[in-house]
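Counting from 1, the numbers follow the sequence of the chain as shown. All heavy atoms count here, side chains included; hydrogens, waters and symmetry mates do not. Just so you know, these numbers come straight off a predicted model, no measurement behind them.
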Amino acid sequence: MISRIDLRGDTLPEGGDLRDLLPRAEFDVEAALEKVRPLCEDVRHRGTAALIDAAEKFDGVTLERVRVPAKALIDALEALDPAVRAALEESIRRARLVHRAQRRSSHTTQVVPGGTVTEKWVPVGRVGLYAPGGRSVYPSSVIMNVVPAQEAGVESIALASPAQREFGGLPHPTILAACALLGIDEVYAAGGASAVAMFAYGTPGPDGCAPANMVTGPGSIWVAAAKRYFTGRIGIDAEAGPTEIAVLADATADPVHVAADLISQAEHDPLAAAVLVTDSAELADAVEKELEPQIAATKHIEDRVVPALSGRQSAIVLVDSVEDGLRVVDAYGAEHLEIQTADAAAVAARVRNAGAIFVGPYAPVSLGDYCAGSNHVLPTGGCACHSSGLSVQSFLRGIHIVDYSEEALAEVAHHVVTLAEAEDLPAHGAALKARFAWKVPGK
């Protein structure tokens, strides 16, 4: 079912050559871009009417309004299964602990007497958050987007999630209940590229949506393409691709655990990636053997799990050593990376590229999805080599405040003039000379 890639016996290639040997899902955002363009421009020109038409076309529902009534949020919370409510509340509590510690404070550096640079951190004014609603419902994604935005101090937060036919055109009630628990009362039944366009352009009217400065949240390729379309007009977190797990394991790993964790990501989507990197052929054999009964006992077998595990994006990668395995997982840059080796903490400390790292047999990715306190909105498609997951920092902007006295400026003015003239920008230097009657110290 799952393919093998054997990298044993030869010296591993470097950089891009190694990345090219590793499995990855096809995810062509550029091709999708042309298909979302008319949807986005329709929202720009027709506003709410375009959103209603999109809900009928893609979600099979006829909406009277796009904004979710406040009563629907209250009703969803009141009807929520008490066990689910308790789990969501604990997830929120733990996420707040972690994200509150990420807050940043202003810092002033005295460069010279009379000359200071202060960096202050200012939250974006308004964000639009997206919670997917396709194959599964993700109240956990509501938490992972809302909590860091709130802890960053964002004053205006709106959330969109696709309309659901079985719930009368409202987003899934568990999504609505999660919003109510978090105090989010501006919620829209809008999905895909149209939802991103709603946040980017805004929609007029009494139930309209004000434009946002930033849009975050995972979604389909159409959401990713819309984010790319609006880059420059709005800030985004990332162009999220299919979810992925890599497990770096040696002979000490439990094949039951490893197989279960691979399946846990495969059940997301037929394009989900599940990769095991190991120096133990015996473990590889045991994991393959274990996959069969665990798959037979799970759900979503034919439409998600089997296509994901048998797809080109999933594989067991055999290496000569854990050292080589580290090189492979760093080249891969997984969204989720589990380390199931001897001395797992020491091995994990050496990893450079991963969205999140899960150490040892009792920190599975599922914990991070819900209740570790970490954020599960993470870079995919190898973007962990240069990007981070969602955090409080995602919603903050660092602004430098430069404060120099006349004396402090005079002391460095000749350097400024020299550099301006070296770059053939004499007016830059003239701006200094104007402050000192055209006579700059040292010139």
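With hydrogens and angles disregarded, a donor-acceptor distance shorter than 3.5 Å links the side chain of T418 to the backbone of H414.
The environment of CD in E89 is crowded: more than 12 heavy-atom neighbours from other residues, nucleotides or ligands sit within 6.0 Å. Enclosure of atom CZ in R312 is not indicated, since only 12 or fewer non-hydrogen atoms of other residues, nucleotides or ligands lie within 6.0 angstrom.
For R8 and D324, the salt-bridge test fails: no basic side-chain N is under 4.0 Å from an acidic carboxylate O. Salt-bridge annotation for R65 and D207: present, with a side-chain N of the basic residue lying under 4.0 Å from a carboxylate O of the acidic one. Salt bridge absent: E119 and R104 never bring a charged side-chain N and a carboxylate O closer than 4.0 Å. Ion pair R103/E151 flagged as a salt bridge, since at least one NZ, NE, NH1 or NH2 atom sits closer than 4.0 Å to an Asp/Glu carboxylate oxygen. Salt bridge K433/E421: present, at least one basic N to carboxylate O contact under 4.0 Å.
I245 contributes atom CD1, which lies 4.0 Å from atom CD of E338 (distance to the nearest 0.5 angstrom). T278 OG1 to Q340 CD: the interatomic distance, rounded to the nearest 0.5 Å, is 10.5 Å. Separation of atoms SG (C371) and CD1 (I92) is listed at 10.0 Å; rounding is to 0.5 Å.
T243 pairs by the side-chain contact (heavy atoms from CB on, under 4.5 Å) definition with Q265, H268, A272, E335, H336, not counting sequence neighbours. Residues meeting the salt bridge (Lys or Arg N to Asp or Glu O under 4.0 Å) test with D279, sequence neighbours left out: none. The salt bridge (Lys or Arg N to Asp or Glu O under 4.0 Å) search around R397 returns none, not counting sequence neighbours. Remark: E239 pairs with R228 by the side chain to side chain donor-acceptor pair (under 3.5 Å) rule, at least two apart or across chains. In terms of the side chain to side chain donor-acceptor pair (under 3.5 Å) criterion, residue partners of D53 (sequence neighbours excluded) are, by chain and number, R46. Every residue two or more places apart in sequence or in another chain was checked for a ring pair (Phe, Tyr, Trp, His ring centres under 6.0 Å) with H257, and none qualifies. Residues forming a salt bridge (Lys or Arg N to Asp or Glu O under 4.0 Å) with R67 (at least two apart in sequence, or on another chain): none. With sequence neighbours excluded, the residues satisfying side-chain contact (heavy atoms from CB on, under 4.5 Å) with I234 are V196, A200, V215, F230, I236. Here S374 pairs with A372 under the side-chain contact (heavy atoms from CB on, under 4.5 Å) rule; sequence neighbours left out. Remark: H415 pairs with V412 by the side-chain contact (heavy atoms from CB on, under 4.5 Å) rule, at least two apart or across chains. Considering only residues two or more places apart in sequence or on other chains, R327 meets the salt bridge (Lys or Arg N to Asp or Glu O under 4.0 Å) condition with E14.
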Exercise. Could you give me the CA-CA distance, side-chain angles and deciding distance for E406 and R435, then say whether salt bridge (charged side-chain N to carboxylate O under 4.0 Å, His left out) is met?
Key: CA-CA 9 Å; E406 180 180 357; R435 285 163 169 76; over 6 Å; no
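Note that R94 lies outside the cation-pi zone of Y370, set by a 6.0 Å cut-off to the ring centre and a 45° limit from the axis.
The two atoms that bring A308 and S314 nearest to each other are O-OG, 2.8 Å, heavy atoms only. The shortest heavy-atom contact between A281 and L318 is CA-CD2, 4.2 Å.
Defined by atom type and a distance below 3.5 Å, a donor-acceptor pair is missing between the side-chain atoms of T116 and D403. T118 and H400 share no side-chain donor-acceptor pair at under 3.5 Å. Side chain to side chain, Y201 and E41 meet the donor-acceptor criterion of an N or O pair below 3.5 Å. A donor-acceptor contact under 3.5 angstrom links the side chains of Y188 and E186, judged on distance only. With hydrogens and angles left out, the side-chain atoms of E411 and Y404 include no donor and acceptor closer than 3.5 Å.
Within the structure, salt bridge (Lys or Arg N to Asp or Glu O under 4.0 Å) contacts touching residues 378-391 (residues at least two apart or in different chains) do not occur.
L409 places a side-chain heavy atom less than 4.5 Å from the side chain of L432.
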